[in-house]
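Written out below as C-alpha cells is the structure these notes cover.
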Amino acid sequence: MRASKKVRSQKSEVRNRKSKKKNQKSKPAEVHISGAEGLYGVSDIQKVVEKYTLRALNHPKGRADKIIITIENIKRKPKEISALPVATISCCTLDEGKNAAIKLLQSLGISKKAIDTAFELIGKGSMRGAAIITAEKSGRLEPDTERGVRASRFGVDRSALKTLSLRLSRHGINKDIVKEALILASKVASFRQVVAELCISDDPYYTTGYVASKRYGYLRITNIKHKRSKSGGRAFFVKEGINVKGMINYLERMPVIIKSVSLCRGTVPIDEILNFSYK
Ligand code: PML
Ligand code: MG
C-alpha cells in the first residue's frame with residue numbers, strides 16, 4: 001500500500017504571491033503519507049487491505065487523498081530467515097540519540113564521512129526510498145538517487161509473528177511500527193554485503209529510530225529526531241565493490257519470510273551492546 005497527499009508547498013505559495021501574474025496557481029506536490037506491505041495467504045487479504053486503508057486515512061502525517069493498493073501473486077518460494085535480535089538504547093536528548101547511532105555505526109567500521117552523508121540525506125527527507133552508501137568511501141550506489149531503493153516482498157510467518165508479539169509485549173513495544181520495521185531490517189541485514197542500516201522515521205510524532213546490523217541486531221534508539229519533524233528515511237551501508245544490481249534485485253524482488261524470532265530485550269546500555277557480537 002502506498003498512500004499520498006497533495007499539498008501546496010509554502011515556497012511556491014510565496015513565489016506566487018510575489019508573482020506579477022495574477023491567478024497563477026502553484027502546482028501541488030505529492031507528499032508520501034504511508035507505506036506498508038507484507039506476504040500474506042489469500043485468506044488474510046481482505047483483513048489486511050482494510051487495516052492498511054484505515055492506516056492511510058488516519059495517519060499522523062494527514063489524511064491520504066490517494067491510496068494505491070497492489071496485490072500480487074508471488075509464485076517464488078520465499079527465502080526463510082530469522083528476525084534480528086531486538087534491544088532498545090534509551091537516550092534522553094537528540095544529541096544523545098544521534099551520538100549513540102554514530103558510535104554504533106563507527107564500531108561497525110563505517111566511516112564518519114559515510115555516516116554524515118546518511119544523516120544529511122535523512123535530514124533532508126526528500127528521498128522516496130533508501131540510500132545505498134558505501135561504508136568506507138561514502139559512495140552513493142542507487143541508480144536513481146531521488147527514488148532510492150525500496151525493500152519489498154518481506155513478511156512473517158504466522159507462528160513467528162505470535163512469538164514476536166509475545167516477546168515484544170514483555171517490553172511494552174508490541175506495535176505494528178516496531179514489527180514492520182524489524183521485518184524490513186531483518187531482510188536488509190540478511191544480504192551478505194550489507195554492513196548496517198540507519199533508519200529515522202518520517203512520522204512527525206515518532207522519535208525512535210534504529211541501527212540494524214548482523215553483529216548487534218536491531219537496536220532501537222529513542223530521541224533520534226525532533227518531534228514534529230517530517231523528515232526521515234533509511235540508509236543502507238554496504239561493503240565497497242558490492243554487486244549493486246544483485247543487492248537491489250534481492251531487496252526489491254526476492255520474497256523473504258521471517259520463520260524464527262531471536263532474543264528480544266528491553267533497554268540495554270550501549271556499552272553492553274558494544275561488548276557483545278551476534279555474528
Ligand atoms: C517507520 O516510520 O516506519 C520507521 C520506524 C522505525 C522505528 C521502529 C521502532 O520503534 O522500533
Ligand atoms: Mg514510516
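In listed order, ligands and their atoms are each counted from 1. Start at 1 with the first residue, then count along the sequence.
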Residue, atom name and distance, where the atom is the protein heavy atom closest to [atom]:
{"atom": "atom 5 (C) of ligand 1", "answer": "Ile177 CG1, 3.8 Å"}
{"atom": "atom 10 (O) of ligand 1", "answer": "Tyr206 OH, 2.5 Å"}
{"atom": "atom 8 (C) of ligand 1", "answer": "Tyr218 OH, 3.3 Å"}
{"atom": "atom 1 (C) of ligand 1", "answer": "Ser201 OG, 3.7 Å"}

Side-chain donor-acceptor contact under 3.5 Å, [X] with [Y]:
{"X": "Arg234", "Y": "Tyr210", "value": "yes"}
{"X": "Thr267", "Y": "Thr88", "value": "no"}
{"X": "Thr134", "Y": "Glu240", "value": "yes"}
{"X": "Lys179", "Y": "Ser165", "value": "yes"}
{"X": "Tyr278", "Y": "Ser213", "value": "no"}

Near Tyr210, which atoms of ligand 1 are under 4.0 Å from a heavy atom of that residue?
-> 6 (C), 7 (C)
For ligand 1, find out whether one of its N or O atoms is nearer than 3.5 Å to an N or O atom of Arg220.
-> yes
Give a yes/no on ligand 1: does Thr208 have at least one heavy atom closer than 4.0 angstrom to it?
-> yes
Mind telling me whether Tyr40 and Tyr52 have parallel, tilted or perpendicular rings, with 30° and 60° as the class edges?
-> perpendicular
